[in-house]
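To keep things clear, I will list the structure first and then write my remarks on it.
Note on naming: letters A, B, ... go to the chains in the order of the sequence lines (proteins, then strands), and numbering restarts at 1 for each one.
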Amino acid sequence: MADKKKLLLVDGNSVAFRAFYALYQSLNRFKNSSGLHTNAIYAFHNMLENIIEKEKPSHVLVAFDAGKTTFRHETFSEYKDGRSKTPSEFREQLPYIREMVTALGIKHYELDNYEADDIIGTLANKVSHDDFDVVVVSGDKDLTQLADDHIRVEVTVKGVSELESYTPEHIKEKYGLTPRQIIDMKGLAGDASDNLPGVSGVGEKTAITLLKEYGSLEGVYEHLDDMKKSKRKENLIKDRDQAFMSKELATINLNTPVEIKVDDLAYEGKDFDKLIPLYKEMDFNSFLAKVDSDEIKSNAENLTEIVFEHVLEAKEEMFKDGMEFYLEMLDENYHLAEIAGVAWGNQEHIYVCSGDEMLHQPLFKKWLENNQLTKKTYDVKRTAVALNRYDIELAGVTFDALLAAYLLDTNDKSEDLAEVAYNYDFREIETDEKIYGKGVKRGLPEEAVLLEHLARKIKALAYLYPTLDEQLSDQAQHDLFYEMELPLSQVLAKMEIAGIKVDASRLTKMQQEFSVILKGIEQRVYELAGEEFNLNSPKQLGVILFEKMGLPPIKKTKTGYSTAVDVLEQLKDKSPIIDEILHYRQVAKIQSTYVEGLLKVIHPEDGKIHTRYVQTLTQTGRLSSVDPNLQNIPIRLEEGRKIRQAFVPRKPGWKIFASDYSQIELRVLAEISQDEHLRQAFLEGQDIHTSTAMRVFNIETAEEVTPNIRRQAKAVNFGVVYGISDYGLSQNLGITRKEAKEFIDTYFEKYPGVKKYMQDIVREAKDKGFVETLWHRRRYLPDINSRNFNLRSFAERTAINTPIQGSAADILKLAMIELDKRLAKENMEATMLLQVHDELVFEAPAEEIEQLDKVVTEVMEGIATFSLPLKADSSWGDTWYDAK
DNA sequence: AAACTCACG
DNA sequence: ACGTACGTGAGTTTG
């Protein structure tokens, strides 16, 4: 019976009621913007999802109780009397729960004069048990009487996650009764919640004993004469009518006149057109976030057919101007990944080919390298780097849908083309995860599936281009895309391909030295602690320090004691073990992340490290660097800084050259805010932190600014850029909040332009829902008008910081593009290697350094025309370490 | 997979 | 009253 269907029947009221109490302690946190409580809706939703996920039913119904009175009240007018009134906080949620059920693609039903139980019982028994297994879910046990070989009853135990399965076997084990005897038990013992009286003095235990002996309520009364005289017998006689009535009332009506047919209950999955607005109305942001992937999964089953040509040999007529082009790799590291296939084409014709066969065809190469025949693609950098391994220099790319989607909404980008396509209403494609799997199961599908998937990608790209291009123009981001991100992508590709040479022997030597140091520290720590433990485990360390040694725990984390640096710093004078631990942490970090980490990623053939810059990730427009991250190589502490000695030029006689922007973010702030004092400081070439110190602390001359005062002013300047708060500043400087607040107030008094910028940008963010950089890079801030203080505050700080950090990122990006052009134009050998947010690293022949210095400085300082100067400082040496 | 810690701008 | 600096990536332990 391979395809037996499964009917899931949910007792809506009782489950919702359980859901309500499951999150009762969070009642006040679950309120939407109109003040509606949503805890039961939320928990009910989760519960339904869990059950459906677990049971995978083919048909589903949620049954609700209809009105107040049912046929049971005709028998017994006090039925359900004495029940405490349902709380209004719960009642107000019921209509929305019904709506939610519908939006989840599930039918619900109620019937005048009957309870949900009766609907469920009737349906459970009506369906053919040859065709259906039935699962009933309820919050109370009344329904367990339905259990049989084809009907399983699941009852919520506690909360919403745990269910207890009532099968006939389980009921036998638990009570020693059959499911039908549950009704007899209710007749004898009654049920307080339904106000069923039963027999006085008889509870569950006694009822079970009696039923084991006499089988049923009727059996008990037939054998009354056999019983010895007792109080129990008296009660049985006295309450006979009550008992039979209770049994009658507890019996689920299996012949309810339900009008629905089981075929109408087929579960079809979520209705996102209804669900999304409902989530929004309920403020269910976590559900909203999940919608994308859910939606794709649920729609992927009914794709319309697609026509494409599977080709094995390149022919002239296959390559036209303006085509889409897509290169598939399953491994995310495109420096090494195998080529799974290629696809190209336009609305008229799509060509696909699996493997890397096509890349060896001269006609194919000729097309890709032809600047005049334009192509549009998805992730041009990844594509260009991979093609470079086949000695193909990709040219003529005029559009990149990934980059465009990222610029339009920094949240909407994805490595997966299907997700982007979905966001723009193209649904004729499945996700890579669906086709290739994930984790250990990831791999190539059979060729036909692969080819069709690739063809669909071309279709999606052809669809996306006009839409995305138009939106870029609408959002004033045409130039940002075509003049900044797209050209930058090609520059980054060159940098990634170039890689940076690493002296592995230097690293190996450091590895040996560090391991000796680490062993020594370990020994001393074990001795001081009086036992051996795993120094890398904050948990074990916490036990040693705060329990065994009795040091005061300064701070706690979610899971235990914090052992972070700032905590350990405060314990320094309490025990010599602290300094050892701090030193251990420092060295262990260098050893594992940098020495050993970098050794692992040196390319075996060229001895270089090739990072990947992620161009479509950050919310501010910065790049990020992965596998390895070359943007966080140590510099602040000497011991770690030495790592930079391993980064060397690729040829003897060459140098490493570095140039970084001085105070770029504060300069950007001065420009955006047009604060006259901040601008003036830069125009006069002052040390900005000293200048801030003089204004904020009322100091006459620069000489009077002590290092400590300058340090405080520096922290204030940082705070300003991050969207200052008194708490943050107080933490950073180790001062009280009150003192920090005074600093901030004075700062705003002395720099009114900055204050005005902050107020204006937050206002603007609240009005428009997003902020922009000077080059129209956009970041949406959905929480900016949230009623949640934390979310709102965070969005406000972000509104302040993003235009600053983002504009600074824009400037360096523009400089990189210009520098790439200039180096080529001046026929220089110098190569751009790395970007570290406000710094560029090159390698160049020693003889070129002077020229390089001139060109780099000129471009970096001149790339943006501000009302104050930009400044770049250069340095060079035999290694990255020496470029200081 | 999440939590913690720590490296960078 | 709320509890926080902005933006990242990676190694290790642990549930």
Side-chain angles (χ1 to χ4, degrees), chain A residues 29 410 439 533-542 555-568 581-582 584-598 600-601 611-614 617-637 639-641 643-644 660-666 668-669 715-733 737 740 744 771 779 786-806 808-809 812 834-840:
Chain A
R29 285 200 286 117
T410 48
F533 63 99
N534 187 345
L535 247 174
N536 287 317
S537 162
K539 196 180 169 196
Q540 293 181 33
L541 179 62
K555 215 167 60 176
K556 275 191 158 180
T557 65
K558 265 188 227 166
T559 51
Y561 309 109
S562 169
T563 65
V565 196
D566 58 317
V567 172
L568 296 183
I581 293 166
L582 286 168
Y584 178 90
R585 284 255 176 93
Q586 195 197 322
V587 177
K589 173 80 179 180
I590 301 167
Q591 180 78 314
S592 66
T593 306
Y594 298 103
V595 178
E596 289 167 354
L598 290 176
K600 266 186 242 166
V601 290
T611 185
R612 294 181 340 258
Y613 292 102
V614 187
L617 183 142
T618 70
Q619 299 297 309
T620 56
R622 276 188 175 184
L623 302 175
S624 88
S625 159
V626 293
D627 206 8
N629 180 358
L630 291 183
Q631 292 181 320
N632 71 346
I633 303 300
I635 190 166
R636 291 171 190 168
L637 298 172
E639 229 164 350
R641 190 175 195 157
I643 291 289
R644 294 177 175 231
D660 69 299
Y661 275 117
S662 159
Q663 304 298 349
I664 180 109
E665 293 194 345
L666 284 171
V668 167
L669 173 60
V716 173
N717 278 333
F718 268 97
V720 168
V721 169
Y722 294 153
I724 203 157
S725 76
D726 50 7
Y727 180 86
L729 183 64
S730 73
Q731 285 292 298
N732 193 293
L733 281 176
R737 250 172 94 158
I744 294 167
V771 290
R779 179 177 189 174
S786 166
R787 277 124 344 248
N788 178 322
F789 176 89
N790 281 329
L791 290 179
R792 188 178 64 247
S793 303
F794 184 55
E796 287 170 358
R797 293 196 295 273
T798 310
I800 293 166
N801 174 263
T802 296
I804 301 171
Q805 188 182 119
L812 190 56
L834 305 175
Q835 190 256 39
V836 195
H837 309 308
D838 65 354
E839 175 190 13
L840 293 174

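- Judged by atom type and distance alone, A:S624 does not reach the base of C:dT8 through any side-chain donor-acceptor pair under 3.5 Å.
- In this structure, the CZ atom of A:F794 is 9 Å from the P atom of C:dA5, given to the nearest Å.
- Rounded to the nearest Å, the gap between the P atom of C:dA1 and that of B:dC6 is 34 Å.
- Between A:V720 and A:V614, the residue anchored nearer the 5' end of DNA chain C, judged by the nucleotide with its closest heavy atom, is A:V720.
- Nearest approach of A:A740 to A:L729, heavy atoms of both residues: O-CD2, 3.8 Å.
- When all heavy atoms of A:V668 and A:P803 are compared, the pair lying nearest together is CG1-O, 4.2 Å.
- When heavy atoms are screened at a 4.0 angstrom cut-off, A:G723 is found touching no nucleic acid atom at all.
- Listed in residue order, the members of residues 795-803 of chain A having a heavy atom less than 4.0 Å from DNA chain C are A:R797, A:T798, A:N801.
- Nucleic acid contact for A:A715: base, since at least one base atom lies under 4.0 Å from a heavy atom of the residue.
- With sequence neighbours excluded, the residues satisfying salt bridge (charged side-chain N to carboxylate O under 4.0 Å, His left out) with A:K555 are A:D566.
- Within the 4.0 angstrom heavy-atom criterion, only backbone atoms of the sugar-phosphate kind lie near A:L617; the bases stay farther away.
- Applying the salt bridge (charged side-chain N to carboxylate O under 4.0 Å, His left out) criterion to A:R612, with sequence neighbours excluded, gives A:D627.
- Among the heavy atoms of the strands lying under 4.0 Å from A:R585 are primed sugar atoms or P, OP1, OP2 only; no base atom is included.
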Checklist line | Dot-bracket line, read 5' to 3' along DNA chain C, where crossing pairs take [ ] and | marks a partner on another strand, Watson-Crick or G-U under 3.5 Å | finding: .....|||||||||.
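- Residues satisfying the salt bridge (charged side-chain N to carboxylate O under 4.0 Å, His left out) criterion with A:D660, sequence neighbours excluded, are absent altogether.
- Remark: C1' of C:dT8 and OH of A:Y613 are 14 Å apart, rounded to the nearest angstrom.
- For the residue pair A:T802 / A:T620, no side-chain donor-acceptor distance below 3.5 Å is found, with atom types taken as modelled.
- By the side-chain contact (heavy atoms from CB on, under 4.5 Å) test, A:F718 is found to be paired with A:K714, A:Y722, residues two or more places apart in sequence or in another chain being considered.
- For A:Y661, the ring-ring contact (aromatic ring centres under 6.0 Å, His included) criterion is met by no residue, not counting sequence neighbours.
- Note: CZ (A:R792) to C1' (C:dA1) measures 12 Å, nearest angstrom.
- Not counting sequence neighbours, A:R779 has no partner by the salt bridge (charged side-chain N to carboxylate O under 4.0 Å, His left out) test.
- Shown here are the side-chain hydrogen bond (donor to acceptor under 3.5 Å, both in side chains) partners of A:T410, two or more places apart in sequence or in another chain: A:Q619.
- Applying the side-chain hydrogen bond (donor to acceptor under 3.5 Å, both in side chains) criterion to A:E796, with sequence neighbours excluded, gives A:K766.
- Look at A:E596 and A:K589 and you find no salt bridge, because none of the NZ, NE, NH1 or NH2 atoms lies under 4.0 Å from a carboxylate O.
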Check: How would nucleotides 10-15 of chain C be written as a contact map, 5' to 3', with B for base contact, S for sugar-phosphate-only contact and - for no contact, using protein heavy atoms under 4.0 Å?
Finding: SSSSSS
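- Across all strands, A:V836 comes closer than 4.0 Å only to sugar-phosphate atoms, never to a base (heavy-atom distances).
- Atom C1' of nucleotide C:dC6 and atom CG of A:N732 are separated by 12 Å, given to the nearest angstrom.
- For the residue pair A:L812 and A:E839, the shortest heavy atom distance occurs at CD2-N, 3.8 Å.
- Both A:Y727 and A:R779 lie near DNA chain C, and the one whose nearest nucleotide falls closer to the 5' end is A:Y727.
- Among the heavy atoms of the strands lying under 4.0 Å from A:I724 is at least one base atom, whether or not backbone atoms are also near.
- Within the 4.5 Å cutoff, no side-chain heavy atoms of A:L623 are placed close to those of A:T618.
- Of the P atoms belonging to C:dA5 and B:dT5, the separation is 14 Å, rounded to the nearest Å.
- Between the CG atom of A:L791 and the C1' atom of C:dA1 there is a distance of 16 Å, given to the nearest Å.
- Of all nucleotides in DNA chain B having an atom under 4.0 Å from a heavy atom of chain A, the first and last in 5' to 3' order are B:dA3 to B:dG9.
- In terms of heavy-atom proximity, A:N801 sits nearest to A:V721 at ND2-O, 3.0 Å.
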